There are 2 protein chains.
Amino acid sequence: MSCSVTLKQKGFRLTPQRRLIVDIIHESHGHLTAEEIIDYVQSRVEGVNKSTIYRTLELLEELGCVYRSRLGDHFIYHHAEEGRHHHVVCHSCGKSVDLDDDLFAPVEQAVEERSGFHVGFTHVVMRGLCPECRAKGLHDHGWAFGIESLHHH
Amino acid sequence: MSCSVTLKQKGFRLTPQRRLIVDIIHESHGHLTAEEIIDYVQSRVEGVNKSTIYRTLELLEELGCVYRSRLGDHFIYHHAEEGRHHHVVCHSCGKSVDLDDDLFAPVEQAVEERSGFHVGFTHVVMRGLCPECRAKGLHDHGWAFGIESLHHH
DNA sequence: CTACCTGCAAACTGTTTGCAAACAA
DNA sequence: TTGTTTGCAAACAGTTTGCAGGTAG
């Protein structure tokens, strides 16, 4: 179901600002940082405040419309419609590739077997080095990289 | 090799502050947040400044003596002597369990096969729900959790 | 009408930096 | 002695909050 419909259904108002933010997240097929969303929004409509954007993103996350994950210092957002999946982002050139939901199944199972802990990877964004950048002789040794994920409420 | 020796070998001074920080990291068998390290240090010696602690931790990471990973909003630190390994931390009670190095091997392989990207998981800290807390009826559905890792330079 | 939303400005949090004084070697 | 290291205070960046005025329904 579309985010706009979800908003209205749950009794939230569909303001122009919210509509714009929802549109941007839907139009982007990748993941966006909060900063990118702020820039896109403000390039289309002057005067939309970043706190409005953060508040809208928080709301959309609570409604299950978007995933929010942390990548390094930033949060990144991704619409939740295409279901569970993961990303790898190249450290060097920033290129990103999607990966299937099942990627972490072996890890989930192994963690459960070895420790009894239950973990679930809903939307993980990890950093790596893409084939092209590797061919250029870059190494990922010494690169800091992080992966994070967040449950969809 | 011990952190103190590494420091001296590379021409860095072994000050009381640095010795104290190294001791605390070694004494702790788990992982510590920057804040915990600051608290421990300051409870033993008054007047040690947090910027000194951050600078020392940064240095120790550069020397390969400690790992630094992000867990949510904080960095956490762990001495690097026991080699590669990972952790799961319970969302609810904070209990933590160590996991073997090889945990993410299937993921590393799958990412490489599917995307050509090269990723390496040196020291991942993830959140989950421990058996006891699960038995208490807590669910991890709806919990935000993150895993992050950092390469050891 | 009137809650809900927004813009603004200011607060916040964890981390980082610049600089003069202190100190290890 | 002397260049590294420290403590202090202030900067920083991204995110969050309080509040008065604005607007969707």
Side-chain angles (χ1 to χ4, degrees), chain A residues 3-22 31-42 44-63 65-77 125 144 146 148 150, chain B residues 3-22 31-42 44-63 65-77 125 144 146 148 150:
Chain A
C3 298
S4 311
V5 175
T6 308
L7 275 169
K8 300 198 88 172
Q9 262 197 352
K10 306 259 174 139
F12 295 99
R13 292 187 184 158
L14 192 50
T15 63
Q17 293 90 332
R18 286 180 178 168
R19 198 188 300 268
L20 182 51
I21 292 163
V22 165
H31 38 71
L32 297 166
T33 62
E35 201 185 0
E36 284 167 339
I37 295 171
I38 292 169
D39 288 347
Y40 282 130
V41 167
Q42 294 182 342
R44 293 207 203 165
V45 177
E46 276 285 303
V48 180
N49 196 270
K50 65 184 171 183
S51 63
T52 302
I53 297 170
Y54 277 113
R55 279 190 279 231
T56 300
L57 292 171
E58 186 187 10
L59 178 60
L60 292 173
E61 200 209 345
E62 277 161 16
L63 295 176
C65 290
V66 306
Y67 296 126
R68 171 170 108 152
S69 313
R70 187 182 267 279
L71 187 60
D73 291 341
H74 304 255
F75 287 115
I76 62 166
Y77 297 86
V125 182
E148 291 218 25
L150 205 75
Chain B
C3 298
S4 311
V5 175
T6 309
L7 275 169
K8 300 197 86 171
Q9 262 198 351
K10 305 257 176 140
F12 296 99
R13 291 188 186 159
L14 192 50
T15 63
Q17 292 91 331
R18 285 180 177 168
R19 198 189 299 267
L20 182 52
I21 293 163
V22 165
H31 38 71
L32 297 166
T33 62
E35 202 186 359
E36 285 168 336
I37 295 172
I38 293 169
D39 288 346
Y40 282 130
V41 167
Q42 293 181 343
R44 294 208 203 163
V45 178
E46 277 284 304
V48 180
N49 196 271
K50 65 183 171 182
S51 63
T52 303
I53 297 169
Y54 277 114
R55 279 190 281 231
T56 300
L57 291 170
E58 186 187 10
L59 178 60
L60 291 173
E61 200 210 344
E62 278 162 15
L63 295 176
C65 290
V66 306
Y67 295 126
R68 172 171 107 151
S69 313
R70 187 182 269 279
L71 186 62
D73 292 340
H74 302 256
F75 287 115
I76 61 166
Y77 298 86
V125 182
E148 291 219 25
L150 205 77

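Just so it is clear, the model here is predicted, and its values are computed rather than measured. What you see below is based on every heavy atom in this structure, not just the backbone, and it leaves out hydrogens, waters and symmetry mates. A note on names: the letters A, B, ... follow the listed sequences, proteins ahead of strands, and every chain is numbered from 1.
- Atom CD of Glu61(A) is separated from atom P of dT15(D) by 13 Å (rounded to the nearest Å).
- If you measure from atom CG of Leu7(B) to atom P of dT4(D), you get 15 Å, rounded to the nearest angstrom.
- Summarising the geometry, the separation between CD1 on Ile53(B) and P on dT17(C) is reported as 17 Å, rounded to the nearest angstrom.
- A straight line from CG of Leu60(A) to P of dC5(C) spans 12 Å, rounded to a whole angstrom.
- What separates CZ of Phe75(B) from C1' of dT13(C) is a distance of 13 Å, to the nearest Å.
- One atom, CG of Asn49(B), and another, C1' of dA22(C), lie 14 Å apart when rounded to the nearest Å.
- Summarising the geometry, the separation between NZ on Lys10(B) and C1' on dT4(D) is reported as 18 Å, rounded to the nearest angstrom.
- Comparing dC19(C), dG25(D), dG7(C) by their nearest atom to the side chain of Arg55(B) picks out dC19(C).
- Here the straight-line distance linking atom OG of Ser4(B) with atom CG of Leu60(B) works out to 9.0 Å at 0.5 Å rounding.
- With the nearest nucleotide of DNA chain C identified for both Lys50(B) and Thr56(A), Thr56(A) has the one nearer the 5' end.
- In this structure, Arg18(A) reaches the dC5(C) phosphate: one of its side-chain N or O atoms is under 4.0 Å from OP1 or OP2.
- Distance CD1 (Ile38(A)) to P (dG14(D)): 9 Å, rounded to an integer number of Å.
- Applying the 6.0 Å contact sphere to CZ of Phe75(A) captures more than 12 heavy atoms from other residues, nucleotides or ligands.
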side-chain contact (heavy atoms from CB on, under 4.5 Å) between Phe12(B) and Thr6(B): does it pass, once the steps are laid out? CA-CA 8 Å; Phe12(B) 296 99; Thr6(B) 309; over 6 Å; no
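- Side-chain N/O atoms of Arg13(B) and base N/O atoms of dT5(D) include no donor-acceptor pair closer than 3.5 Å.
- Considering CD1 of Ile53(A) and CD of Gln42(A), their distance stands at 5.0 Å, rounded to 0.5 Å.
- Contact between the side-chain N/O atoms of Ser51(A) and the OP1/OP2 oxygens of dG7(C) is not found at any separation under 4.0 Å.
- Distances shown here put every side-chain N or O of Thr15(B) at or beyond 4.0 Å from the OP1 or OP2 atom of dA24(C).
- Distances shorter than 4.0 Å separate none of the side-chain N or O atoms of Tyr54(B) from OP1 or OP2 on dT16(C).
- Donor-acceptor pairing under 3.5 Å, judged by distance alone, is absent between the side chain of Arg70(A) and the base of dG14(D).
- The salt bridge (charged side-chain N to carboxylate O under 4.0 Å, His left out) test applied to Arg19(A) returns no partner, not counting sequence neighbours.
- Taking side-chain N and O atoms only, Gln17(B) has no distance below 4.0 Å to OP1 or OP2 of dC23(C).
- Within the nucleic acid shown, Gly11(B) has no heavy atom closer than 4.0 Å to any nucleic acid atom.
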